[in-house]
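Lettering of chains follows the sequences in order, A, B, ..., and the numbering in each one begins at 1.
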Protein chains: 2
Amino acid sequence: MTVPDGRSFIEEGSPAHDFFVVTGGRVKIFTLLPDGRRQITGFAEGGDFLGLAASKSYAFGAEALGTAVLCRFPHASMQRLTARFPNLEHRLRQEASRELSLLQARMTLLGRKTARERLATFLMERIRLLGAACQETPHQIELDLPMPRTDIADYLGLTIETVSRVLSAFKREGLISIRNITHITIMQFERISAIAEGLE
Amino acid sequence: MTVPDGRSFIEEGSPAHDFFVVTGGRVKIFTLLPDGRRQITGFAEGGDFLGLAASKSYAFGAEALGTAVLCRFPHASMQRLTARFPNLEHRLRQEASRELSLLQARMTLLGRKTARERLATFLMERIRLLGAACQETPHQIELDLPMPRTDIADYLGLTIETVSRVLSAFKREGLISIRNITHITIMQFERISAIAEGLE
DNA sequence: CGCGAGCTTGAAACGGATCAATGACAGTGG
DNA sequence: CCACTGTCATTGATCCGTTTCAAGCTCGCG
C-alpha cells in the first residue's frame, strides 16, 4: 500500500479493521479537537507498528509525511497469525510496552517542560533515532527534520512561531546551526542534552 | 502486599523485576524531572495493571494514594503464567492497547487544552469511572476526589492555584457545587461535557 | 483552643500565543 | 532567464492565560 504525501489513511474514530506496519517513508499520528486543534502523538517510520492503540475504533488519525509505504493486516488475518505464531502476541505486547514508556516521557514533556526544553528534547529524540552512528562523534551531528514546522509545533504542544523562535535562539547561542529549513547541525550536544533534561 | 499512604513502591529507573495488579485502594503513577517537576501519568485502582510500561527498568514511579493493596508478580512467574495460559498474553496486550488509547487522549489534553478544558475533562473522567450507575441520572452526580489538589495539578499539567481557581469558577457558574475538599456535585453535566470537548 | 497542612484568593510577573508584516524559496509561465 | 505566485518560515509587537509570590482561610486533630 503506497500513500502519497499528505494523504490521510486512518480517520480518528472510524471502525478499526486493520493493523499497519510502516515499511517505507514516514507517517504522522495525531488526535484532533472539534475546533481543529491538533496534537501529533507520534511519528512512525520504517519498521514501526501502527494500530496498537485501537480496540473497536481508532483512537487516532494518521497521515503520510512524504510518500509512505505500508503493509495492511486486517484484524482477522492478524488473529490467524497470532494463532499460528504465539510469539507474535508477545512481540506485539513488547512493542506496546515500548510505546507506553515513550508516551509517558512525552506526557512529562507536554505537561511540565518549557518551550526550550521541548525543542531540545525533540532534537535529542531525532539524534537517538540516528542510532549508534553518532555515538562516536560527540559533536557536529547532522540532522534532517523531514516534517514542516507546523508538525513539530503540534507534536510539542507549541505554535509554529514559538518553534521558529526557539530554534533561532539556539542558533544565536551557537547550540545548533541551520543550513536550510530541513537541515540542522548540532554544535553543542552536551548543552542541548542538558536543556532537554531541564538542567539549564 | 499492603502499601501505606504516601509510600513509594516503584522507583523510576530502577530495574523492573515485578509486575503489579492493584487489588484495593489507589495508586498514582508519575515521572519526575531532575529539578522536582512532576507529571502524574495516571491513577490506578482496583483491577488495574501496573508495570506494562517497563522493559529493563521502570519508566515511571508509583506511590500509594491512601492505603493500597497490590499483588506482586515477579517477571519470572509471569513468564510461567503466560506459558501456561497463552490467552493471558493476549489479555495483557489488550490492556496495553487500552492504556495507549487513554494516553493519546491525555496527550491532547496536556498539549492542546486550556485549564478549564483540562478540569472539565478530569471531572468527566471521574464520572465515567463511576460506571453505568450515573447514566440514569443525567444531573446531580456525586463525585469524590480521593487525591489532593497537588496531585490533580500534576496530573493535568497545571499548578495547585490554577486547579483551585478553575474549580471555584465552575462553582461560581453553577456547574458544580463543592461540599468539602473531596466531595463535589456535578450540577450541569452537559455543559461540563461541552467544555471538556473544547466546545465552550 | 491552638496548631498546621492543605486549600483558596489576590496581585503581579512572565512565557507563550496571537496578530501582523516580512522574508526565503520552489514551481510556473511568460 | 526572470518576474510572478503561493507556501512555509522567520521576526516583531502586543496580548492573555497561567504561574509565581504572598497572604488569608478551613478544618481536622492534638
Would the distance check show the side chain of A/S97 and the main-chain N or O of B/L52 forming a donor-acceptor pair, the cut-off being under 3.5 Å?
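Looks like yes, one N/O pair under 3.5 Å.
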Quick one: are [X] and [Y] in side-chain contact, heavy atoms under 4.5 Å?
X: A/H17; Y: A/P74; answer: no
X: B/E161; Y: B/S164; answer: no
X: A/L167; Y: A/R149; answer: yes

Nearest whole Å is fine: how far is [N] [atom2] from [X] [atom1]?
X: B/M147; N: C/dA5; atom1: CE; atom2: C1'; result: 19 Å
X: A/R116; N: C/dC14; atom1: CZ; atom2: P; result: 17 Å
X: A/R37; N: C/dA17; atom1: CZ; atom2: C1'; result: 13 Å
X: A/R149; N: C/dG23; atom1: CZ; atom2: P; result: 19 Å

Considering only heavy atoms of chain A and a distance under 4.0 Å, specify the first and last nucleotide of DNA chain D in 5' to 3' order that meet this criterion.
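On DNA chain D, the outermost contacted nucleotides are D/dA9 to D/dA13.
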Which residues, if any, of residues 157-181 of chain A bring a heavy atom under 4.0 Å of DNA chain C?
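Contacts with DNA chain C under 4.0 Å: A/G157, A/L158, A/T159, A/E161, A/T162, A/R165.
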Atom CD of B/E173: over 12 foreign heavy atoms under 6.0 Å:
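Yes.
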For B/Y155, the option from B/R38, B/K28, B/R106, B/R118 that meets side chain to side chain donor-acceptor pair (under 3.5 Å):
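That would be B/R106.
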